[in-house]
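See below for the structure under consideration.
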Amino acid sequence: MTALVLLDHEEGRIRKSALSAVTAASQLGDVHVLVAGDVAVARAAAAIPGVAKVLHAADAQYAHELAEPLAALIVSLAGGYDQIVAAASAVGKNVLPRAAALLDVQPIPEVVSIVDAETFVRPIYAGNALATVRSSDAKKVLTVRGSAFDAAPAEGGSAPIETVVPATNPNVSEFVAVHLSDSERPELESARVVVSGGRGLQSEEKFHVLEPLADKLGAAIGASRAAVDSGFVPNEFQVGQTGKIVAPELYLAFGISGAIQHLAGMKDSRVIVAVNKDPEAPIFQVADYGIVGDLFEIVPALTEALN
Amino acid sequence: MKIVVPVKRVVDYNIKPRVKADGSGVETTGVKMSMNPFDEIAVEEAVRLKEKGVASEVVVVSIGVQQAQDTLRTAMAMGADRAILVLSEESPEPLAVAKVLKAINEKEQPGLFILGKQAIDDDMNATGQMLAGLLGWGQGTFAGKVEVADGRVKVSREIDGGTEDVSLALPAVVTADLRLNEPRYASLPNIMKARKKPTETLKAEDLGVDMTRRLTVVSVAEPQQRQAGVKVGSVGELVEKLRNEAKVI
Ligand SMILES: Cc1cc2nc3c(=O)[nH]c(=O)nc-3n(C[C@H](O)[C@H](O)[C@H](O)COP(=O)(O)OP(=O)(O)OC[C@H]3O[C@@H](n4cnc5c(N)ncnc54)[C@H](O)[C@@H]3O)c2cc1C
Ligand SMILES: Cc1cc2nc3c(=O)[nH]c(=O)nc-3n(C[C@H](O)[C@H](O)[C@H](O)COP(=O)(O)OP(=O)(O)OC[C@H]3O[C@@H](n4cnc5c(N)ncnc54)[C@H](O)[C@@H]3O)c2cc1C
């Protein structure tokens, strides 16, 4: 069996969650990858061990990984594959269900474990339940949760690169602009340590109190929905059911109450630390270490103690 | 321009879901059900477009059991003009829902479908994309901002590293993210008025859609529960534990 993995990328780098999708796909059989956009990314893809072939969609219509042309391309290539796989990233979640509909397949989103070629485990209800589902579709279309599979190594392989013939562009969508938050920090979904703030941070200015601590720990910064909705940080910081799913070695939650929608995004972290002034806050039920107290005293003290 | 908003009845987001003892699914009997929160945002956006004069009519559709009528009434109390209830088993799959909505498109010919980006029960995040695929239309998923002008819709989308703006030819499909707007509460007079708004009831079979599931649930289980850890008394103690016990720093 051979799987085709859509390998998505940002600013010339393959997403770590896409490398996890390669690992997941290799549990099913041989792996070919599809890269839309820059040739440098296709070359990087060729170096991933275990990738047997790189399909490179070089045509300009694929430059921004727009769903409409990309889904059409995947459908034109799908004939030779048993599975179509992508990371459950913004790109994967946008493109794969569209391709699935065109193939008359019910997609299987956010797979966290592969039982066999027909059977997959996925979280439902904000991760409060794990459903094992069996697909009767001849072809499987799945997105894979990055935190559930190790990333494939980036070096060691030397797969051939083949340029694919473009499919007919539906011509219903145009890319206008992209606004990426420029940050020196590690990517939230792949950081070893995440420092997260909630409504307890009170304001955009006060949220900066977390930065020296994050610097010290080499951490990414995350946030609850309440912090994002209140405008303390941009939307891409949100951790949770409807934000990013993270599973770092260490997750530090400051002024976050621990609503189930937030827990859905971080409860698979290896070690959780919670700081909250309310001893009854639900976050303490999942924290390995908790401190009851005022974060505005504890954060600077912790930063200092790490010196 | 007419806007169609599909709305789903789900377990209320304040309820902690419980897995059934026999592992067949999540308990939904006797549990408070509400409109999927993302669909409230979708309805709000459609109603605002009508209030701005961009849209002429807002039609809400739910596919499911008879009780989905309550969800449709809530949407009409928020300002939708009329409703269509397509009777089927509870919680059909996105592929089937997308096919039903495609049939609704033939009947209603809207300029825009606005859906929620995901339903909070099955968390599929798929229906809007699948509908757009079946119709051959553009899709503005995870929308944080929507502007309709000159026969196109510009959508600012929430993506992993920030936001992306796309421009789509109309008709198109948009799926609502959390920050698109803050949905209004329905006022009592509007709840009363909604009772008089019309609901048309159809059957999925009558639309010629095959609702057969492609996924069968083998089992549903509780995830492994995390144990609550310890509360420490000081920052010094925390650092010591992180260094020597957890060995993470
Ligand atoms: C459809 C839907 C999807 C959602 N998706 C998400 C999601 O993806 N991610 C997410 O996070 N939420 C999500 N939510 C929202 C979620 O339900 C909660 O509202 C949110 O997580 C609360 O954020 P919070 O913990 O920062 O705020 P609050 O619940 O208000 O908690 C603030 C905490 O800070 C503490 N505090 C205040 N001041 C201090 C201080 N000085 N020192 C120490 N502690 C202090 C308080 O004791 C309190 O516990 C979603 C909700 C819905 C309906
Ligand atoms: C009682 C019960 C039994 C189930 N049995 C099974 C089973 O046997 N096998 C299985 O695989 N799954 C089963 N499920 C899960 C069910 O298949 C999912 O709810 C379904 O896959 C839909 O996914 P979603 O709603 O998360 O779609 P999403 O794609 O996340 O929904 C996105 C948006 O699409 C629209 N939408 C979605 N559904 C509807 C609808 N019905 N009406 C109107 N608009 C809609 C809404 O605007 C929504 O915001 C069951 C669920 C329940 C409650």
Side-chain angles (χ1 to χ4, degrees), chain A residues 10 67-68 71 89-90 93-94 97-98 100-102 106-110 119 124-137 170 172-181 217 225 229 234-236 242 249-250 260 267 271 284-292 298 301-302 305-306, chain B residues 11 16-17 19 26 93-95 98 118 120-126 129-130 132-134 136-139 141-142 144 154 158-169 172 178-179 214-223 226 228-232 235-236 238-239 241-242 246 248-249:
Chain A
E10 189 177 280
E68 299 82 357
S89 60
K93 289 196 264 199
N94 192 31
R98 183 179 178 105
L102 294 168
Q106 169 58 45
I108 310 161
E110 297 261 2
T119 320
I124 56 174
Y125 287 87
N128 281 287
L130 288 171
T132 303
V133 295
R134 185 176 300 127
S135 164
S136 61
D137 284 312
V172 286
S173 55
E174 273 168 29
F175 170 83
V176 178
V178 66
H179 314 275
L180 298 177
S181 54
L217 291 166
R225 175 186 171 187
D229 285 1
N235 66 270
E236 59 271 20
T242 51
E249 285 288 296
L250 176 60
I260 57 167
K267 68 176 157 47
V271 178
F284 288 124
Q285 288 163 22
V286 299
D288 300 284
Y289 304 108
I291 301 187
V292 178
I298 291 164
L302 180 57
L306 291 170
Chain B
V11 172
K16 183 162 166 56
V19 173
V26 166
E93 285 176 353
L95 179 63
Q118 84 193 59
I120 60 162
D121 50 0
D122 215 41
D123 287 336
M124 284 262 179
N125 193 336
Q129 297 87 313
M130 298 185 81
L134 294 181
W137 296 0
Q139 62 187 58
T141 51
F142 328 145
K154 190 173 159 195
E158 298 198 355
I159 58 167
D160 291 328
T163 57
E164 178 190 67
D165 301 339
V166 294
S167 166
L168 311 171
L178 288 172
R179 278 163 287 276
R214 306 294 182 83
L215 301 180
T216 43
V217 174
V218 179
S219 63
V220 175
E222 297 254 2
R226 263 192 110 95
V230 294
K231 292 210 176 91
V232 296
V235 164
L238 175 64
V239 172
K241 295 252 191 230
L242 291 178
V248 276
I249 55 169

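Per chain, numbering begins at 1; letters A, B, ... match sequence-line order.
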Under 4.5 Å from a heavy atom of chain B, the part of [X] involved:
X	value
A/I260	side chain
A/A287	backbone
A/P234	neither
A/L306	both

Between [X] and [Y], which heavy-atom pair has the shortest distance, and what is it?
X	Y	result
B/W137	A/E68	O-CG, 4.1 Å
A/A129	B/V220	CB-CG1, 3.8 Å
B/M130	A/P107	CE-CD, 3.3 Å
A/F284	B/A228	O-CB, 3.7 Å
B/K154	A/V176	CE-CG1, 4.4 Å

Given side chains that start at C-beta, do those of [X] and [Y] come closer than 4.5 Å, heavy atoms only?
X	Y	answer
A/Y125	B/I120	no
B/Q139	A/V172	no
A/L180	B/I159	yes
A/P97	B/M124	no
A/E110	B/D123	no
A/N128	B/P17	yes
A/E236	B/D160	no

Select, from [options], the one with the greatest count of heavy-atom pairs under 4.5 Å involving chain A.
options	value
B/A172, B/G236, B/G229, B/G136	B/G229
B/A246, B/A221, B/G144, B/G161	B/G161
B/L178, B/V11, B/L134	B/L178
B/L242, B/V166, B/V248, B/V19	B/V248

Could you have a look at [options] and say which one has the most heavy-atom pairs with chain B under 4.5 angstrom?
options	answer
A/L102, A/D288, A/I298, A/V178	A/D288
A/L217, A/V271, A/I108	A/V271
A/T242, A/L302, A/D229	A/T242
A/V292, A/T119, A/D137	A/D137
A/A301, A/S181, A/G127, A/A101	A/A101

Straight-line distance of [X] [atom1] to [Y] [atom2], nearest 0.5 Å:
X	Y	atom1	atom2	value
A/T132	B/L215	OG1	CG	12.0 Å
B/L238	A/I291	CG	CD1	4.5 Å
A/H179	B/T163	NE2	OG1	4.5 Å

Discussion item. I'd like to check the salt bridge (Lys or Arg N to Asp or Glu O under 4.0 Å) partners of A/E10; sequence neighbours left out, ordered by chain and number.
Written reply: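 A/E10 satisfies salt bridge (Lys or Arg N to Asp or Glu O under 4.0 Å) with A/R15 once adjacent residues are dropped.
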
Is chain A contacted by the side chain of [X], its backbone, both, or neither, given a heavy-atom distance below 4.5 Å?
X	answer
B/V230	both
B/A98	neither
B/V232	both

Discussion item. Please evaluate residues A/K93 and B/T141 with respect to the criterion side chain to side chain contact (heavy atoms under 4.5 Å, CB included), reporting the C-alpha separation (whole Å), side-chain torsions for both, the decisive distance (0.1 Å), and the verdict.
Written reply: CA-CA 9 Å; A/K93 289 196 264 199; B/T141 51; over 6 Å; no

Discussion item. If we ignore hydrogens and angles and just use 3.5 Å, is the side chain of A/Q106 paired with the main-chain N or O of B/L95 as donor and acceptor?
Written reply: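 Checking the backbone N and O of B/L95 against the side chain of A/Q106, a donor-acceptor pair under 3.5 Å is found.
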
Discussion item. Is it the case that the side chain of A/S136 and the backbone of B/R214 share a donor-acceptor pair, with hydrogens and angles ignored and the cut-off at 3.5 Å?
Written reply: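 It does hold such a pair.
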
